[in-house]
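The first residue in the sequence is number 1, and the count goes up from there.
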Amino acid sequence: NAPTACYCVPTTSFGCTDGDVIARVTLNTLDNNSGTGCPSGLAGYSDYTSDPLLTTSLQAGGSYSCTVYAGQYAEGYAAWIDYNDDGIFDNSTERIGYSNGLVNGSGLVGVLGSSESFPISLACNPPLGVHRLRVRAMYFTNGNAVTPCTNNSYGEVEDYLVTITTPAPCP
């Protein structure tokens with residue numbers, strides 16, 4: 001069952017309509033190539049939690065690589081898992097990774113920009129089950145400064161569901 005908490009939905013003044021997008025995100029078997037367009041317009045928020053094809057399972061204690069692709073402009077990217085399902089995405093305990101600085105955009109409308117992969121490491125003992133994953137792009141903001149819920153001028157947020165599975169047994 002999906003988490004039922006009321007989730008913070010960050011606001012953006014101009015959303016992703018100017019090419020400030022998450023053009024593609026991959027994490028384990030999750031691969032959402034939403035393209036250089038802006039499906040959410042001025043809202044800058046796309047909720048993919050009801051799409052059964054856009055999900056993945058992650059093993060507690062596991063390490064993964066998350067790859068994000070920019071659109072027209074340079075963005076910082078970060079990702080969180082709401083382990084306690086309270087809708088907050090705590091930066092100190094639930095942020096699971098972020099881009100190193102900015103991911104360069106193409107500078108051209110409708111043209112895919114650069115990509116960057118960053119490591120995702122899950123704790124050995126997070127709550128098992130289904131939780132919300134958030135990926136956020138913020139225009140001209142270093143990845144380590146991207147926030148999960150605050151207001152921003154340009155950018156996009158995408159939410160997904162992930163399933164945390166039991167850790168591998170210790171050798």
Return each pair, listed once, that meets ring-ring contact (aromatic ring centres under 6.0 Å, His included) where at least one residue sits in residues 94-126; pairs must be two or more places apart or across chains. none

Let me confirm one number: the [atom1]-[atom2] distance from [X] to [Y], rounded to the nearest 0.5 Å.
| X | Y | atom1 | atom2 | answer |
| --- | --- | --- | --- | --- |
| Asn84 | Glu94 | CG | CD | 4.5 Å |
| Arg24 | Ser115 | CZ | OG | 9.0 Å |
| Arg136 | Thr141 | CZ | OG1 | 8.5 Å |

Is there a side-chain contact between [X] and [Y] (heavy atoms, below 4.5 Å)?
| X | Y | value |
| --- | --- | --- |
| Leu27 | Val135 | no |
| Leu42 | Thr12 | no |
| Thr93 | Tyr83 | no |
| Thr166 | Leu128 | yes |
| Pro127 | Ile164 | no |
| Arg95 | Val146 | no |

Specify the closest pair of heavy atoms between [X] and [Y], including all atoms of both residues, with the distance to one decimal.
| X | Y | answer |
| --- | --- | --- |
| Tyr48 | Pro39 | OH-CG, 3.9 Å |
| Ser121 | Ser63 | OG-OG, 3.6 Å |
| Ser114 | Val103 | O-CG1, 3.3 Å |
| Gly105 | Ala70 | CA-CB, 4.2 Å |
| Val111 | Thr36 | C-CG2, 3.7 Å |
| Ile22 | Ala137 | CG1-CB, 3.7 Å |

Check the angle between the aromatic planes of Tyr73 and Tyr139 and answer parallel, tilted or perpendicular using the 30° and 60° thresholds. perpendicular

Hydrophobic cluster membership, with links at side-chain heavy-atom distances under 4.5 Å among I/L/V/M/F/W/Y: are [X] and [Y] in one?
| X | Y | value |
| --- | --- | --- |
| Leu54 | Ile120 | yes |
| Val25 | Leu133 | yes |
| Leu30 | Ile81 | yes |
| Ile88 | Val9 | no |

Just by modelled atom types, is the [Y] backbone N or O under 3.5 Å from a matching donor or acceptor in the [X] side chain?
| X | Y | result |
| --- | --- | --- |
| Ser117 | Ser65 | no |
| Tyr64 | Gln59 | yes |
| Asn142 | Asn144 | no |
| Glu116 | Asn100 | yes |
| Thr55 | Thr49 | no |
| Asp20 | Glu75 | no |
| Arg134 | Phe89 | no |
| Ser40 | Tyr45 | yes |

Verify whether one side chain among [X] and [Y] offers a donor that lies under 3.5 Å from an acceptor in the other.
| X | Y | answer |
| --- | --- | --- |
| Asp90 | Trp80 | no |
| Ser34 | Asn32 | no |
| Tyr160 | Glu158 | yes |

Partner of Thr11 under side-chain contact (heavy atoms from CB on, under 4.5 Å), picked from Val157, Asn152, Asn151, is Asn151

Residues, nucleotides or ligands: over 12 heavy atoms within 6.0 Å of Asp51 CG: yes

Does this structure show an ion pair linking Asp159 with Arg132, if we count only N-O contacts that are shorter than 4.0 Å? yes

Run the numbers on Glu156 and Ser46 for side chain to side chain contact (heavy atoms under 4.5 Å, CB included), then give the verdict. CA-CA 8 Å; Glu156 184 179 19; Ser46 296; 3.5 Å; yes

